[in-house]
Amino acid sequence: MRRKLPPLRALVAFEATARHQSVKIAAEELHVTQSAISHQLRQLEESLGVVLFVRKGRGLSLTKSAIRLLPRLTEALDGIADITGEVGPDKGKAIRIGALATPALTVLLYELGNLRGRLPTDIPVQFRKIEFDDDLDPLEIDLALQIAPKDLPGLDGWVTELLTPEIYTAFAAPQWLTERGFDAGNIDVKTLRSRDILLIDSDSEQFSQIAQWFDSPHFSLDDCWTFSHHIWALEAARAGQGIVASTDVVARNFVDRGELVPLNFPDFVSHWWYRLLIRPAREKDPIVIEAANWIRELINPHTASLSRKKPL
């Protein structure tokens with residue numbers, strides 16, 4: 001039987017707009033532009049031959065036709081999501097977690113026991129390495145921990161949640177402080193040498209910020225040790241080779257174990273943020289919700305309780 005149906009995208013756009021009574025919020029939820037939502041709404045009104053919204057000040061009011069359509073359409077879309085979830089490749093199968101190498105090696109992999117205790121034993125967990133500029137493959141990854149500029153739009157087709165900015169602090173190993181005769185709370189930068197500083201050469205923002213720590217004419221940051229990856233610089237600091245600028249998230253475990261000590265240089269906040277991306281098809285999956293909560297609590301334990309989601 002051939003069904004006479006309006007365009008599915010237009011129905012989805014209407015449902016989101018009517019539910020929020022806002023084109024802007026609907027566009028954010030569906031990861032499209034506001035003009036795209038408006039176009040879909042006009043298309044649906046033309047297809048149905050009715051007016052669905054009336055502008056009221058800065059908001060929208062639903063017409064009688066829209067009020068009648070909304071609950072049944074929401075139920076229908078939820079039903080489609082449920083049935084496709086039941087027959088799709090995700091049902092009862094692995095959860096795939098993507099992460100950049102630095103937070104994976106310094107944070108996530110130290111807390112696998114915590115995650116193990118939160119998930120059913122029959123659900124395999126797969127970790128996948130991603131890069132800064134990866135377009136995530138929804139067939140390979142269900143949720144991902146990414147670092148990106150705060151104002152960078154989320155990836156199309158993914159639910160994006162900002163977690164916390166990168167906050168840089170100076171750290172050094174206790175043995176380095178002892179060998180140099182320094183007090184972590186009172187280091188005189190005038191006594192430092194260029195090879196005391198361990199830099200990540202790929203981070204131009206870090207260079208400009210760290211320059212503010214040192215008011216010393218006898219060396220330049222260009223003469224310091226430089227590393228192409230955060231992990232290399234961090235490991236050199238742990239080995240007692242000097243001072244590294246690392247983030248509170250990345251260095252937290254090393255500080256807790258006494259392997260690194262925060263120094264008396266002022267922190268600086270990067271414009272790069274940790275963010276969580278979730279594939280919409282599994283956004284309501286209790287397993288994915290639990291894994292997302294695990295990541296939230298590890299990356300930003302101070303505010304995780306505010307954004308913690310509960311399985312439906």
Side-chain angles (χ1 to χ4, degrees), residues 99-111 113-114 145 147 150 163-274 295-304:
L100 295 167
T102 298
L105 292 172
T106 59
V107 183
L108 301 186
L109 299 189
Y110 282 90
E111 298 293 340
N114 184 306
L145 175 62
I147 306 174
K150 182 180 181 181
L163 298 179
T164 186
E166 288 193 304
I167 302 175
Y168 279 89
T169 300
F171 298 94
Q175 66 266 31
W176 182 84
L177 293 170
T178 300
E179 290 171 2
R180 294 298 305 277
F182 288 141
D183 177 353
N186 188 26
I187 292 181
D188 183 358
V189 297
K190 293 181 180 180
T191 65
L192 294 175
R193 301 186 291 264
S194 61
R195 296 293 172 86
D196 289 328
I197 314 303
L198 312 170
L199 295 175
I200 306 167
D201 64 6
S202 61
D203 191 343
S204 59
E205 180 186 36
Q206 187 192 95
F207 258 82
S208 63
Q209 294 282 356
I210 290 177
Q212 300 176 30
W213 288 352
F214 306 105
D215 183 18
S216 177
H218 66 276
F219 72 84
S220 165
L221 290 184
D222 293 332
D223 300 327
C224 299
W225 294 113
T226 59
F227 302 85
S228 64
H229 200 285
H230 195 149
I231 290 293
W232 287 29
L234 193 68
E235 288 299 318
R238 291 177 66 204
Q241 301 303 309
I243 298 172
V244 66
S246 186
T247 69
D248 58 334
V249 170
V250 168
R252 186 186 305 137
N253 280 322
F254 304 126
V255 172
D256 290 345
R257 293 196 298 270
E259 298 172 359
L260 290 175
V261 177
L263 307 181
N264 63 306
F265 302 132
D267 297 345
F268 65 84
V269 180
S270 168
H271 76 288
W272 287 67
W273 278 61
Y274 291 92
I295 291 175
R296 290 186 185 98
E297 292 163 11
L298 292 179
I299 299 303
N300 194 358
H302 302 297
T303 60

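The structure presented is a predicted model; accordingly, all values stated were derived computationally and were not measured. If you read the sequence from its start, that first residue is 1, and numbering goes on from there.
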> Closest heavy-atom contact between Ala245 and Ile200?
O-CD1, 4.2 Å
> Examine distances only and state if a side-chain atom of Trp225 and a backbone atom of Arg195 form a donor-acceptor pair shorter than 3.5 Å.
yes
> Any non-hydrogen side-chain atom of Val261 less than 4.5 Å from a side-chain atom of Phe171?
no
> Test side-chain contact (heavy atoms from CB on, under 4.5 Å) on Leu100 and Leu145; report intermediate values, then the result.
CA-CA 7 Å; Leu100 295 167; Leu145 175 62; over 6 Å; no
> Mark yes or no for whether Asn114, through its side chain, and Glu111, through its backbone, hold a donor-acceptor pair below 3.5 Å.
no
> Between Val107 and Val249, is there a side-chain heavy-atom distance shorter than 4.5 Å?
yes
> Considering all heavy atoms of both residues, which atom of Ser270 and which atom of Pro165 are nearest to each other, and what is their separation?
O-CB, 4.0 Å
> Going from CD1 on Ile299 to OG1 on Thr164, what distance comes out if it is rounded to the nearest 0.5 angstrom?
9.0 Å
> Does a side-chain heavy-atom distance below 4.5 Å link Thr106 with Asn253?
no
> Using 0.5 Å steps for rounding, measure from the CG atom of Leu192 to the SG atom of Cys224.
9.5 Å
> Could you tell me which non-hydrogen atom of Val250 sits nearest to which non-hydrogen atom of Leu234, and how far apart they are?
CG1-CD2, 3.6 Å
> Could you check Phe268, Phe265, Trp272 and say which one makes a ring-ring contact (aromatic ring centres under 6.0 Å, His included) with Tyr168?
Phe268
> Going by heavy atoms in the side chains, are Phe254 and Arg238 under 4.5 Å from each other?
yes
> Got a second to check how far Glu166's CD is from Thr102's OG1, nearest 0.5 Å?
9.0 Å
> Looking at every non-hydrogen atom in both residues, tell me the closest pair between Ala184 and Pro262 and how far apart they are.
CB-O, 3.9 Å
> For Ala239, is there any backbone N or O sitting under 3.5 Å from a side-chain donor or acceptor partner on Gln241?
yes
> Which pair of non-hydrogen atoms, one from Gly185 and one from Asn264, has the smallest distance, and what is that distance?
O-CB, 3.4 Å
> Distance-only, no hydrogens or angles: does the Arg252 side chain make a donor-acceptor pair with backbone N or O of Leu298 under 3.5 Å?
yes
> Got a second to check how far Thr247's OG1 is from His230's NE2, nearest 0.5 Å?
5.5 Å
> Let me confirm one number: the CG-CH2 distance from Leu198 to Trp176, rounded to the nearest 0.5 Å.
8.5 Å
> About how many Å separate CD1 of Ile187 and CG of Leu263, when rounded to the nearest 0.5 Å?
4.0 Å
> Where do Pro174 and Gly258 come nearest, in terms of heavy atoms and distance?
CG-O, 3.3 Å
